[in-house]
Peer 1: 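Just dropping this structure here.
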Amino acid sequence: MIKNIIKKKILSSYNSLSKNIELKIEDIDISQPKQILHGDYATNLCMKFSSSIKLNPMTFAEELSKKIINDHGEFFNNVDFVKPGFINFKVKESVLNDCLLKIYKNKNIYGSGDKKKKKILVEFVSANPTGLLHLGHLRNAAVGDSLSRILRFYGYDVQSEYYINDFGNQIKNLGESLKIRIKNINGESLKISEDGYHGEYLIDVANQFINNKKNYKLDDEDVLQDFAKDYLLAEIKKDLNQININFDNWFSEKDCIHSNGNLDKALELLRKLDLLYEKDGALWIKTSQHGDVDDWVLVKSDKNPTYFLSDIAYHLDKISRGFDRIINIWGADHHSHVTRLTSSIKGINDEDSLKLEFVMIQFVRLLKNGLDISMSKRSGQYTTIRDLLSLVDKDVIRFMMVSRSSDTHFDFDLDNCLKDSDENPVFYIQYANARINSILKKGCSIDLNDIETVFLEDIKELSLIKKIIDFEYVIEDSAKNLSPHKLAFYLQDLAKDFHSYYKTTKILNNEINETKIKLILISTIKSVLSTGLGLLGVSSPEEM
RNA sequence: GCGCCACUAGCUCAGCUGGAUAGAGCAACGGACUUCUAAUCCGUAGGUCGGGGGUUCGAAUCCCUCGUGGCGUACCA
C-alpha cells in the first residue's frame, strides 16, 4: 500500500522533469534502510538509471528529491539525497497514523492479497503408505502446508494434494511383510525379507488384521496389501491432523493412474511426439533432448512400468486439471528427478514445463544433548512424528520446521524447544499475543469504534506502525519466493518490538483518548501476530 | 567422475532478483520486578561473510576456480 503510493509520487515528480527516458512504476524499487537516520523508505532509482539518463547519480538524485518534496510536501517530512545517489524518504507521522487506522478497521483481512484468479496445486508429503510419517516427512509437511496457506492468503486459488504411492513393489513388499507378521503371531517363525518392512508397527497391523478378518486366508495378496495400506494411510492422516494439516486432495496412484489407463495415454502421447525408443528390450524416453544428461527407462524389459512413467502420467494429469502453477515440494534426495521430470514435460509441451516449480527440502537432524537422535537406536528407524509429538508441543514443531530456509540443513535441537523461555521463539511470539489479549480484556469496556483519527508520535509507536505495514510485504515476499521462513522471522521481529514497547509504555492509563489509540495499536499487532501464526499452522493462545 | 544444496559472530541461522556502517536469537558479561503476564526488557562484547581470482560506480549477494561437509547419481520407489 504505502510503497505503491511512494512509487506513484516519485513517478509523477519524475515525469514532470521531462527526461529523455520514460520510466514505469515497475522500474522503481522501494527499500527500507537499515539505519533509522536514513529515513523510512529509500530508492536507488537514480543510481539505477543514471547512465541511461546521462546524469551523474548525485546530480540526478538532488534534482529529483527536490522536486518530490516540492510536489508532495503533504506526504513527506523529508526527502534527502545522499551519496552515492540514494533518495531517502521520511514519511509524515499523520500518514503512518492513517495507515494504522485503516489497517485496524480491516484487521481481519489485513495482509491478504487481491484475488489472483490463478489456480495453484501444491503437492507435498506424498510419503509411501508403507509406514508411519517420520522426521524426514515432517519438514516437508510443515513447509508445504504453510506455503499453501500463505499462497491462498496472498490471493491464489490453492489446492493441496498428497500423492499416494499405492502401487508397485513397495506395496507388494508391504503385503508380504504383513503376511509374515501374521504368520509370526500364529507361531510360524519366518523372517521378513531384506527389502521388506521391518518396523514393529506392522505387528499392530497384523493383530488388527487377525481381529477384523475372521476366517482370513493369506493367499490373496490384494487383500493383505489393501488392508495394510488403508491402515497406515489412516495413521498418516491421524498424525497430519495432529499437526494441523488437512489435504484438499488425496490422489491414489493405483486408482487415478493405473486403473484409469493414464499410463497408456501418456505413452501414446510420448510415442506420437517421437520421444520414445526401444533399447535392450526396454522402452526409453529421450529426456536428453530436452535438458537432461541421460535418457530414462519408462517400461522395463520385463514389461513393467517404472515409477518414473507413473510420475509423468501423474504430472500430465495435474496439468490437465487446469492449474496455472504446479508446485512440488520434494526432499532434497530427489533432486535428480527434477531435471528428469521437467525434461519430459518440456518434450511434450514447453509451456507446460514452465508451470512446474519445485521446492527442495534439505534434511533435518534431531539433536538432544548435542547428539543426533534422528534415528531411533531401538528400531533402527527414523524418529516418527508421533514420537516427536510426545516430546514437543505441536506448535513448536510446526514453527521450528519452517523457521529456516528450506534449502539449508536444519538441526532441530530438542533441548531448546523444551524450554519455555528465550530460546524458544514460539513461546516468545505467543506470549506477546497473550499479553496483548490480557490488556484488551482488562480494557474491554472501552469503546474504540468512535475513534476517527489516531495520532501517535512516539518513536517506538511509529516504528511499530511501520512494522505492521511491513506485514503486507512479508506475505508478498514469502509467497513470491515460496519461503515461509520469512514470515517466521518477521513474527519474531514484531513480537520483539511489541515486548520492548510493552515494557516502557503503560497502555491503560488515565488519559482515555490516548488509551484508546494505544489499544488500537496493540489490537492491530495482535491481529497480525495471530494471522501470521495461523499461516504457519501455529495456534495463538489467549492466555499462557 | 558428474550433478544439487550448504559454508556469514563461540553455537543455530537471516540477509543472496548487486546498494549505505553485514543482522537476529542463543550462549557470555553487566543491569531492570510496589507495574496492563519477568515465559519480559535494557546494555556490553563478539566478523578476513570458507580461500583465491574476475565482472562495476558498488559484491556476503553475480561469474570462474579451489577447498570442506551433506545429498544424489538404477530396467528401485
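What you are looking at is a predicted structure, and each value in this text was computed from that prediction instead of being measured. Chain letters run A, B, ... following the sequence lines, proteins first, then strands; residues in each count from 1.
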Peer 1: Whole-Å distance between B/U40 P and A/Ile429 CD1?
Peer 2: 12 Å
Peer 1: Which part of the nucleic acid, if any, lies within reach of A/Tyr431 when heavy atoms closer than 4.0 Å are counted: base, sugar-phosphate only, or nothing?
Peer 2: base
Peer 1: Counting only side-chain N and O atoms of A/Tyr428, is one of them less than 4.0 Å from OP1 or OP2 of B/C41?
Peer 2: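 So the side chain of A/Tyr428 is within the cut-off, an N or O lying under 4.0 Å from OP1 or OP2 of B/C41.
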Peer 1: Going by atom types only, do A/Asn481 and A/Asp477 share a side-chain donor-acceptor pair under 3.5 Å?
Peer 2: yes
Peer 1: Could you check how far CG of A/Asp29 sits from P of B/G18, rounded to whole Å?
Peer 2: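 Whole-Å distance recorded here is 9 Å.
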Peer 1: Considering every strand and a 4.0 Å limit on heavy-atom distances, what is the contact class for A/Ser438: base, sugar-phosphate, or nothing?
Peer 2: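 Base contact - A/Ser438 has a heavy atom under 4.0 Å of at least one base atom.
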Peer 1: Looking across every strand, which nucleic acid part, if any, lies under 4.0 Å from A/Lys442 by heavy atom: base, sugar-phosphate, or nothing?
Peer 2: sugar-phosphate
Peer 1: When you measure from the side chain of A/Phe410, which nucleotide among B/U37, B/C13, B/A24 comes out closest?
Peer 2: B/C13
Peer 1: Quick check on B/G15: is either OP1 or OP2 less than 4.0 Å from any side-chain nitrogen or oxygen of A/Lys486?
Peer 2: yes
Peer 1: Could you run down the sub-3.5 Å N/O contacts of the protein with nucleotides 19-21 of chain B?
Peer 2:
residue	atom	partner	partner atom	Å
B/G19	N7	A/Asn44	ND2	3.4
B/A20	N6	A/Asn88	OD1	3.0
B/A20	N1	A/Asn88	OD1	2.8
B/A20	N1	A/Asn88	ND2	3.0

Peer 1: For A/Asp166 and A/Ser252, test the side chains for any donor-to-acceptor distance below 3.5 angstrom and give the result as yes or no.
Peer 2: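 The criterion, which ignores hydrogens and geometry beyond distance, is satisfied for A/Ser252 and A/Asp166.
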Peer 1: Ignoring hydrogens and geometry, is there a side-chain-to-backbone donor-acceptor pair from A/Ser259 to A/Lys254 under 3.5 Å?
Peer 2: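 Yes; at least one donor-acceptor contact below 3.5 Å.
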Peer 1: Applying the side chain to side chain donor-acceptor pair (under 3.5 Å) criterion to A/Asn328, which one of A/Glu161, A/Glu357, A/His337, A/His315 satisfies it?
Peer 2: A/His315
Peer 1: When you match A/Gln492 and A/Val293 each to their closest nucleotide on RNA chain B, which lands nearer the 5' end?
Peer 2: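 The residue mapped nearer the 5' terminus is A/Val293.
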Peer 1: Closest approach to the side chain of A/Lys496, judged atom by atom: which nucleotide of B/C36, B/C42, B/C13 is it?
Peer 2: B/C42
Peer 1: Side-chain N or O of A/Ser500 less than 4.0 angstrom from OP1 or OP2 on B/C42?
Peer 2: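 Looking at the OP1 and OP2 atoms of B/C42, one of them is under 4.0 Å from a side-chain N or O of A/Ser500.
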Peer 1: Using a 4.0 Å heavy-atom cut-off to protein, can you give one letter per nucleotide of nucleotides 71-77 of chain B, 5' to 3': B if the base is in contact, S if only the sugar-phosphate is, - if neither?
Peer 2: BS-SBSB
Peer 1: Please answer whether the main-chain N or O of A/Thr59 pairs with a side-chain N or O of A/Asn56 as donor and acceptor at a distance below 3.5 Å.
Peer 2: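 It does hold such a pair.
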Peer 1: Do A/Arg435's NZ or CZ and the ring of A/Tyr502 fall within the cation-pi criteria of under 6.0 Å and 45°?
Peer 2: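 Yes.
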Peer 1: Take A/His499 and A/Asp477, find for each the nucleotide of RNA chain B with the closest heavy atom, and name the residue whose nucleotide sits nearer the 5' end.
Peer 2: A/Asp477
Peer 1: Expressed in angstrom and rounded to an integer, what is the separation of A/Lys506 atom NZ from B/U40 atom P?
Peer 2: 20 Å
Peer 1: Please determine, for the side chain of A/Tyr502, which listed nucleotide (B/A14, B/A39, B/C36) has the closest atom?
Peer 2: B/C36
Peer 1: Could you state the atom-to-atom distance from NZ of A/Lys480 to P of B/C16 in whole Å?
Peer 2: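 In whole Å, B/C16 P and A/Lys480 NZ are 14 Å from each other.
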Peer 1: Looking only at heavy atoms, which two atoms of A/Gln492 and A/Pro425 are closest? And how far apart?
Peer 2: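 Between these two residues, the closest heavy atoms are OE1-CB, 3.4 Å.
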Peer 1: Can a donor-acceptor pair be found between the side chains of A/Asp295 and A/Ser288 at a distance below 3.5 Å?
Peer 2: yes
Peer 1: Side-chain donor-acceptor pair under 3.5 Å between A/Gln430 and A/Asp395, yes or no?
Peer 2: yes
Peer 1: Is the gap between the ring centers of A/Tyr431 and A/His499 under 6.0 Å?
Peer 2: yes
Peer 1: Cation over ring, A/Lys116 on A/Tyr154, under 6.0 Å and within 45°?
Peer 2: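 Yes, a cation-pi geometry.
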Peer 1: Can you see whether A/Phe308 has A/Arg340 sitting over its ring - NZ or CZ less than 6.0 Å from the centre and within 45° of the normal?
Peer 2: yes
Peer 1: Dot-bracket notation for RNA chain B is requested: 5' to 3', Watson-Crick or G-U wobble pairs only, both distances under 3.5 Å, with ( ), [ ], | and . as defined.
Peer 2: (((((((..((((.....[...)))).(((((.......))))).....(((((..]....))))))))))))....
